[in-house]
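All remarks here apply to the structure that follows.
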Amino acid sequence: MYVCVCKGVTDHQIRQQVSDGARSWREVREATGCATQCGKCACYAKSLTKEALQEARMDADMGLAYAV
Ligand code: FES
């Protein structure tokens, strides 16, 4: 689903950024360009990023995210 229409950013891309190592909304925004134009998507994109970060932390706590 598109979260940011201006930059064509999807929820999958935001989750993928977190999965690839982004650890803040700022990092996700810089990597995707999300919320850098009209800004109407910022609130939802931030909450989606927060949710993805919480999931990543839970996975890390269970030893799933950073296993090599
Ligand atoms: Fe994301 Fe406009 S919808 S910047």
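One-based numbering, in listed order, for ligands and for the atoms of each.
- The contact set between ligand 1 and Gly39, taken as ligand atoms under 4.0 Å from a residue heavy atom, comprises 2 (Fe), 4 (S).
- In the vicinity of Val5, heavy-atom distances shorter than 4.0 Å reach the ligand 1 atoms 3 (S).
- Numbered from 1 in the order shown, with element, the atoms of ligand 1 that lie under 4.0 Å from a heavy atom of Cys38 read 2 (Fe), 3 (S), 4 (S).
- Residue-level proximity to ligand 1 for Cys4 is carried by backbone and side chain together, each with a heavy atom below 4.0 angstrom.
- Proximity to Cys6 (heavy-atom distance under 4.0 Å) selects the following atoms of ligand 1: 2 (Fe), 3 (S), 4 (S).
- In the displayed structure, Lys46 atom NZ is contacted under 6.0 Å by at most 12 heavy atoms of other residues, nucleotides or ligands.
- Once rounded to the nearest 0.5 Å, the distance linking CD of Gln54 with CG of Asp59 reads 12.0 Å.
- To the nearest 0.5 angstrom, Ser24 atom OG is 7.5 Å from Glu30 atom CD.
- Those atoms of ligand 1 that come under 4.0 Å of a heavy atom in Gln37, given as number and element, are 4 (S).
- Contact check for Cys6 versus Cys41: no side-chain heavy atoms found under the 4.5 Å cut-off.
- Not a single N, O or S atom of Cys41, from either the backbone or the side chain, sits less than 2.8 Å from atom 2 (Fe) of ligand 1.
- Remark: side-chain polar atoms of Gln13 are paired, donor with acceptor, to backbone N or O of Thr10 under 3.5 angstrom.
- In this structure, Cys34 has no heavy atom closer than 4.0 Å to ligand 1.
- Here the closest non-hydrogen pair linking Trp25 and Ala35 is CZ2-CB, 3.7 Å.
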